[in-house]
Asks: 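My questions will all concern the structure given below.
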Number of protein chains: 2
Amino acid sequence: MTESTRPMRRQDIRRENEKAILLAAEKVFAEAGFGGATMQLIADLAGLPKANLHYYFATKEELYRSVVQNIFEIWLQAANCFDAARGPVDGISAYIDAKMEISRRHPDGSKVWASEVMHGAPVLQDYMESTLREWTDGRVEIIRRWIEEGKMDPVDPRHLLYMLWATTQHYADFGHQIETLNGGKSLSDRQWREAKENIKRVILTGIGAQPA
Amino acid sequence: MTESTRPMRRQDIRRENEKAILLAAEKVFAEAGFGGATMQLIADLAGLPKANLHYYFATKEELYRSVVQNIFEIWLQAANCFDAARGPVDGISAYIDAKMEISRRHPDGSKVWASEVMHGAPVLQDYMESTLREWTDGRVEIIRRWIEEGKMDPVDPRHLLYMLWATTQHYADFGHQIETLNGGKSLSDRQWREAKENIKRVILTGIGAQPA
DNA sequence: CTGAAAGTTGACCATACGGTCAGGATGCAA
DNA sequence: TTGCATCCTGACCGTATGGTCAACTTTCAG
């Protein structure tokens with residue numbers, strides 16, 4: 001993996017190895033789940049001996065925790081789109097774009113996150129009860145304001161958020177199914193664009209934020 | 001589990017035990033994933049010795065396969081709502097109702113299915129390429145006809161189906177997250193009704209099948 | 001240059017898990 | 001009642017896996 005012949009600085013070594021391990025781990029956890037993933041597989045994929053993994057991450061749980069926390073960060077960053085916006089059309093459009101981009105570029109991360117939640121969030125329960133809840137409450141408030149200002153129909157903000165999460169993440173989590181139904185081929189640039197446009201159109205029209 | 005003192009007929013014994021095992025397995029697979037599930041746990045939950053499990057299901061894979069096939073059956077049954085309908089409002093409403101009912105009553109099944117797809121459908125690949133594809137193509141054709149007949153806007157049928165799957169299944173697969181954001185309480189009857197109504201409203205309005 | 005700190009790794013260990021099996025218990029047809 | 005097929009299960013086995021460790025190499029501050 002890191003095959004430069006010349007010597008590396010300590011700092012770089014650490015950063016590069018951790019990065020390689022986290023990347024490999026994300027993939028393996030996504031493909032096999034926590035229980036099905038093995039440290040050996042992750043090590044092989046990262047191009048390191050297994051013992052070296054345990055030097056950087058003492059236990060499988062610790063490694064998994066790091067992976068999931070990373071994903072949660074990305075997840076939250078996409079959220080900022082929401083705040084800057086002036087109305088639902090801008091805000092929700094931008095959010096859908098951001099989330100779809102994540103689904104396309106980080107499908108493994110999305111899967112690990114889905115898996116974590118499906119199994120009852122054993123690692124991230126505290127984050128969900130604090131950070132996620134705060135973020136959600138904030139967005140609910142924004143949507144409520146949009147409704148009050150007559151910028152969209154009175155749709156339940158929470159269920160709207162769930163709908164946004166569901167539709168966008170579906171393209172990562174169920175990517176294999178979509179691919180199969182697409183003749184075994186992954187979606188093309190055009191199809192991804194169509195997907196985004198469809199989602200935006202249906203939802204923005206559906207909440208009365210734009211005319212049919 | 002099956003604690004009647006009086007003797008059982010052979011047929012009944014087999015049926016009851018298989019049922020208990022499949023139920024327990026569905027739960028454990030949903031909670032722990034295939035890799036994280038253990039035959040011992042399933043056996044305990046079913047109230048049987050582990051060796052007895054292997055009498056009915058030779059291997060873990062075989063048991064898993066049975067569970068997933070069962071789920072796929074239920075999945076397909078909900079599909080029939082679609083066919084009887086005269087137009088998108090009836091058809092999609094009924095389908096959303098059916099899928100939401102599954103999400104509420106069989107969340108474990110939904111999770112196992114999600115897990116199976118996320119991991120690349122190692123068991124159900126052939127089903128997806130045959131049965132699921134045929135079903136989908138059929139529904140795409142129905143939706144296309146509705147569009148031709150002017151009963152809804154020209155929305156891409158496939159992406160519409162994905163949206164329906166995503167939004168409804170989300171309430172099962174991400175039930176834990178929804179519950180957490182609901183103050184740690186599972187959704188009430190009323191909240192489930194609201195969820196359904198919101199989804200129907202946004203989608204049916206969004207595709208131009210009903211006025212805003 | 002030197003020594004301590006950081007990084008590397010093959011060999012090893014304990015355990016948990018999927019699966020087997022032999023022998024006993026039970027239902028049932030004749 | 002008898003004999004057979006089905007059902008049941010404790011004890012056992014081989015393997016895979018997470019994790020440890022001690023010896024080794026490399027980096028780098030002073």
Side-chain angles (χ1 to χ4, degrees), chain A residues 1-22 24-29 31-68 112 119 122-123, chain B residues 1-22 24-29 31-68 112 119 122-123:
Chain A
M1 284 281 136
T2 60
E3 57 210 302
S4 67
T5 315
R6 70 204 164 80
M8 284 179 116
R9 290 208 313 279
R10 281 228 190 102
Q11 225 184 359
D12 294 340
I13 291 176
R14 184 157 211 113
R15 200 179 325 128
E16 298 247 340
N17 280 344
E18 283 181 348
K19 192 173 147 192
I21 293 169
L22 285 170
E26 182 175 291
K27 185 168 184 186
V28 174
F29 282 134
E31 283 175 357
F34 178 82
T38 68
M39 295 298 267
Q40 189 61 63
L41 240 172
I42 295 170
D44 292 347
L45 196 62
L48 295 170
K50 192 184 67 158
N52 209 351
L53 248 70
H54 282 97
Y55 174 72
Y56 287 101
F57 300 91
T59 68
K60 192 182 175 186
E61 276 83 2
E62 190 184 317
L63 175 54
Y64 176 74
R65 181 180 288 269
S66 294
V67 169
V68 176
V112 176
H119 298 351
V123 164
Chain B
M1 284 282 134
T2 61
E3 56 209 303
S4 67
T5 314
R6 68 204 164 80
M8 283 179 117
R9 291 208 313 278
R10 281 237 187 91
Q11 224 184 0
D12 294 340
I13 290 176
R14 186 160 209 111
R15 200 179 325 127
E16 297 248 339
N17 280 344
E18 282 182 349
K19 192 174 146 192
I21 292 169
L22 285 170
E26 182 175 292
K27 184 168 185 186
V28 174
F29 282 134
E31 284 174 357
F34 179 81
T38 68
M39 295 298 266
Q40 189 61 64
L41 241 173
I42 296 170
D44 292 347
L45 197 61
L48 295 169
K50 192 185 68 159
N52 209 351
L53 249 71
H54 283 96
Y55 174 72
Y56 288 102
F57 299 92
T59 67
K60 191 182 176 186
E61 276 82 2
E62 191 184 315
L63 175 55
Y64 177 73
R65 180 180 287 269
S66 296
V67 169
V68 176
V112 175
H119 298 352
V123 164

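Residue numbering restarts at 1 for every chain, and letters A, B, ... go by the order of the sequence lines. Quick caveat: nothing in here was measured; it's all calculated off a predicted structure.
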Asks: Nearest 0.5 Å please: distance from the CG atom of B/Asp12 over to the CG atom of B/Asn17.
Replies: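 Taking CG in B/Asp12 and CG in B/Asn17, the distance rounds to 10.5 Å.
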Asks: State, to 0.1 Å, how close A/Ala43 and A/Lys50 come at their nearest heavy-atom pair, and which atoms those are.
Replies: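 In terms of heavy atoms, the two residues are closest at CB-CA, 3.7 Å.
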Asks: Should the ring pair A/Phe34 and A/Phe29 be called parallel, tilted or perpendicular, given that the plane angle runs from 0 to 90° and is split at 30 and 60?
Replies: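 Parallel.
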Asks: Of all heavy-atom pairs between A/Ala58 and A/His54, which one has the smallest distance, and what is that distance?
Replies: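 Of all heavy-atom pairs spanning A/Ala58 and A/His54, the closest is O-CD2, 2.9 Å.
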Asks: Take nucleotides 7-13 of chain D nucleotide by nucleotide from the 5' end and write B, S or -, depending on whether a protein heavy atom sits under 4.0 Å from the base, only from the sugar-phosphate, or from neither.
Replies: BSBB---
Asks: Work out which heavy atom in B/Ala32 is nearest to a heavy atom in B/Ala37; give both atom names and the distance.
Replies: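 The answer is CB-N, 3.7 Å.
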Asks: Rounded to the nearest 0.5 Å, how far apart are CG of B/Asp44 and CE of B/Met39?
Replies: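 Answer for the CG-CE pair, B/Asp44 versus B/Met39, is 12.0 Å.
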Asks: Hey, does A/Glu61 reach any base, or is it just sugar-phosphate, or nothing, if we go heavy atoms under 4.0 Å?
Replies: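 Sugar-phosphate: the residue A/Glu61, judged by heavy atoms under 4.0 Å, touches backbone atoms but no base.
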Asks: Given atom CD of A/Glu16 and atom P of D/dT27, what is their separation to the nearest angstrom?
Replies: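 Computing the A/Glu16:CD to D/dT27:P distance gives 14 Å.
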Asks: Over how many whole Å does the gap from B/Ile42 atom CD1 to C/dG19 atom P extend?
Replies: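 One finds 11 Å between P of C/dG19 and CD1 of B/Ile42, rounded.
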Asks: Rounded to whole angstroms, how far apart are CZ on A/Arg15 and C1' on C/dG7?
Replies: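 So the two atoms are 16 Å apart, to the nearest Å.
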Asks: Using whole Å, what does the distance between atom C1' of nucleotide C/dG7 and atom CD1 of A/Ile21 come to?
Replies: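 For the pair A/Ile21 CD1 and C/dG7 C1', the rounded distance is 12 Å.
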Asks: What is the distance, to the nearest angstrom, from the NE2 atom on A/His54 to the P atom on D/dT17?
Replies: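 About 13 Å, once rounded to whole Å.
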Asks: B/Arg65 CZ to C/dG18 P: how many Å, rounded?
Replies: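 Nearest whole value for this atom pair: 18 Å.
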Asks: Nearest heavy-atom pair of B/Ile21 and B/Ile42: which atoms, and what distance?
Replies: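 So the minimum-distance heavy-atom pair works out to O-CG2, 4.1 Å.
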Asks: Can you name the nearest heavy-atom pair linking B/Val112 to B/Glu26, along with the distance?
Replies: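 Looking at all heavy atoms of both residues, the shortest contact is CG2-O, 3.6 Å.
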Asks: For the pair made of NZ in A/Lys60 and P in D/dT20, what is the distance, rounded to whole Å?
Replies: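 Rounded to the whole Å, the gap is 15 Å.
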Asks: Tell me, which of residues 32-41 of chain A have any heavy atom that sits under 4.0 Å from an atom in DNA chain D?
Replies: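 Result for residues 32-41 of chain A: A/Ala37, A/Thr38, A/Met39, sorted by number.
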Asks: Looking at A/Glu62 and A/Tyr56, what are the two nearest heavy atoms and their distance?
Replies: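 Scanning both residues, the minimum pair turns out to be OE2-O, 4.2 Å.
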